[in-house]
Amino acid sequence: MRIVTWNINSLRLRLPLLDRLIAALDPDVICLQETKVPDDLFPDAAPAALGYPHVARRGMKGYNGVAILSRLPLRLVDAPDWCSRGDCRHLQVHIDAPGGVVELHDFYVPAGGDIPDRVENPKFAHKLDFVAEAAGWFAASGVRPRSVLVGDLNIAPLEHDVWSHKQLLDVVSHTPVEVAALLAWQHTGFADAIRHFVPAHEKLYTWWSYRNRDWRASDRGRRLDHIWVSRDLVAGLRRYEIFKDARDWPQTSDHVPVMLELDA
DNA sequence: ATGGTCGACAATCGA
């Protein structure tokens with residue numbers, strides 16, 4: 001099974017790019033974040049036309065929003081309303097995978113604003129609270145076997161998940177308090193499926209800012225998008241791809257798709 | 001130290 005996660009940064013604007021994504025990566029399941037489309041305006045006919053008839057989506061006006069497009073049958077599963085905000089940042093589904101049901105989570109963690117201080121900046125407080133609440137929820141129930149968690153987690157945890165560890169220690173997405181919170185969440189029972197393939201000393205990014213005139217030349221990236229699997233699935237990890245080609249597509253997202261192939 | 005660019009949606013806000 002191949003799973004892709006992509007912060008698409010407006011589903012309606014970039015719907016044509018899904019064709020390219022599917023042609024290149026041939027995913028069974030596509031998890032999207034920042035769809036920026038309310039449910040009543042979701043392009044309902046599009047997924048089936050692309051070959052993904054099974055859909056879960058949760059959107060709102062203007063920002064946030066997540067969606068899962070699948071070739072395999074899925075069922076939406078109840079999940080918490082994180083921080084009681086009703087803000088469309090998570091979907092939990094059960095996927096009928098070849099080897100049985102897979103529990104799949106698609107997350108869009110709050111970006112957290114600019115100032116890395118929970119007192120001065122309510123957005124940063126929300127981000128930390130969101131991650132802590134998610135960690136607590138998985139810790140309480142235990143990460144079940146055959147679980148996969150993907151999404152834009154908006155935190156780059158490792159030194160080489162950013163272009164300059166020293167210069168980003170005070171920048172929201174790589175501060176020690178965020179890193180600790182994210183790793184505590186991961187350690188409730190998940191393994192980092194992408195770092196399974198790439199040693200920690202190698203640079204690895206999934207996001208490059210729009211604000212660089214030449215993203216490839218400056219290469220000031222961060223690894224904000226993640227795929228985690230429950231430990232029982234680690235032995236079945238087959239292949240990954242961080243699809244950097246997508247960063248050069250016309251009118252593309254600042255995030256690129258991340259793909260995992262696994263036996264499940 | 002600063003400013004740089006996007007998308008949604010209609011003056012800014014969020015990233």
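Just so we're on the same page: letters track the sequence lines, and every chain starts at 1. Predicted model only: the values in this text are computed from it and were never measured.
The nearest whole Å value for the distance from the CH2 atom in A:Trp207 to the P atom in B:dT5 is 14 Å. Taking atom CZ of residue A:Arg222 and atom C1' of nucleotide B:dA15, one finds them 11 Å apart after rounding to whole Å. Straight-line distance from the CD1 atom of A:Ile8 to the C1' atom of B:dA8: 15 Å, rounded to whole Å. Look at OH on A:Tyr63: it is 18 Å from C1' on B:dC6, rounded to the nearest Å. Remark: P of B:dA15 and CG of A:Leu224 are 13 Å apart, rounded to the nearest angstrom. Rounded to an integer number of Å, the gap from NZ of A:Lys36 to P of B:dG14 is 12 Å. Protein atom CG of A:Asp214 is 14 Å distant from nucleotide atom P of B:dT5, rounded to whole Å. Computed from coordinates, the A:Glu34 CD to B:dG14 P distance equals 12 Å when rounded to whole Å.
Comparing the P positions of B:dA1 and B:dA15 gives a spacing of 25 Å, expressed to the nearest Å. Rounded to whole Å, the C1' atom of B:dA10 lies 15 Å from the corresponding atom of B:dG14.
Nearest to the side-chain atoms of A:Lys123 among the listed nucleotides B:dA10, B:dG7, B:dG14 stands B:dG14. For A:Arg14, taking side-chain heavy atoms from C-beta onward, the closest of the listed nucleotides B:dA8, B:dA15, B:dC6 is B:dC6.
Annotation: cation-pi geometry not satisfied between A:Arg247 and A:Trp208 (NZ/CZ under 6.0 angstrom from ring centroid, within 45° of ring axis).
Residue A:Gln251 is in sugar-phosphate contact alone, with no base atom involved, counting any heavy-atom pair closer than 4.0 Å across all strands shown. Residue contacts shown for A:Arg89 are limited to sugar-phosphate atoms, with no base heavy atom under 4.0 Å away.
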Show your reasoning for whether salt bridge (Lys or Arg N to Asp or Glu O under 4.0 Å) applies to A:Arg118 and A:Asp129.
CA-CA 10 Å; A:Arg118 71 151 57 237; A:Asp129 291 347; 3.1 Å; yes
Worked verdict on A:Trp6 versus A:His255 for ring pair (Phe, Tyr, Trp, His ring centres under 6.0 Å)
CA-CA 7 Å; A:Trp6 190 26; A:His255 296 253; 9.5 Å; no
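Look at A:Arg75 and A:Asp96 and you find a salt bridge, because one of the NZ, NE, NH1 or NH2 atoms lies within 4.0 Å of a carboxylate O, short of that distance.
Side chains of A:Ser173 and A:Glu178: a donor-acceptor N/O pair is absent below 3.5 angstrom, by distance only.
In terms of position along DNA chain B, the nucleotide closest to A:Gly62 lies nearer the 5' end than the nucleotide closest to the other residue of the pair A:Pro110 and A:Gly62. Along DNA chain B, the nucleotide nearest to A:Asp152 and the one nearest to A:Asn212 differ in position, and the one closer to the 5' end is contacted by A:Asn212.
Scanning atom types as modelled, one donor and one acceptor separated by under 3.5 angstrom connect the side chain of A:Arg211 and the base of B:dA15.
Between A:Arg220 and B:dG4, a side-chain N or O to OP1/OP2 separation shorter than 4.0 Å is absent.
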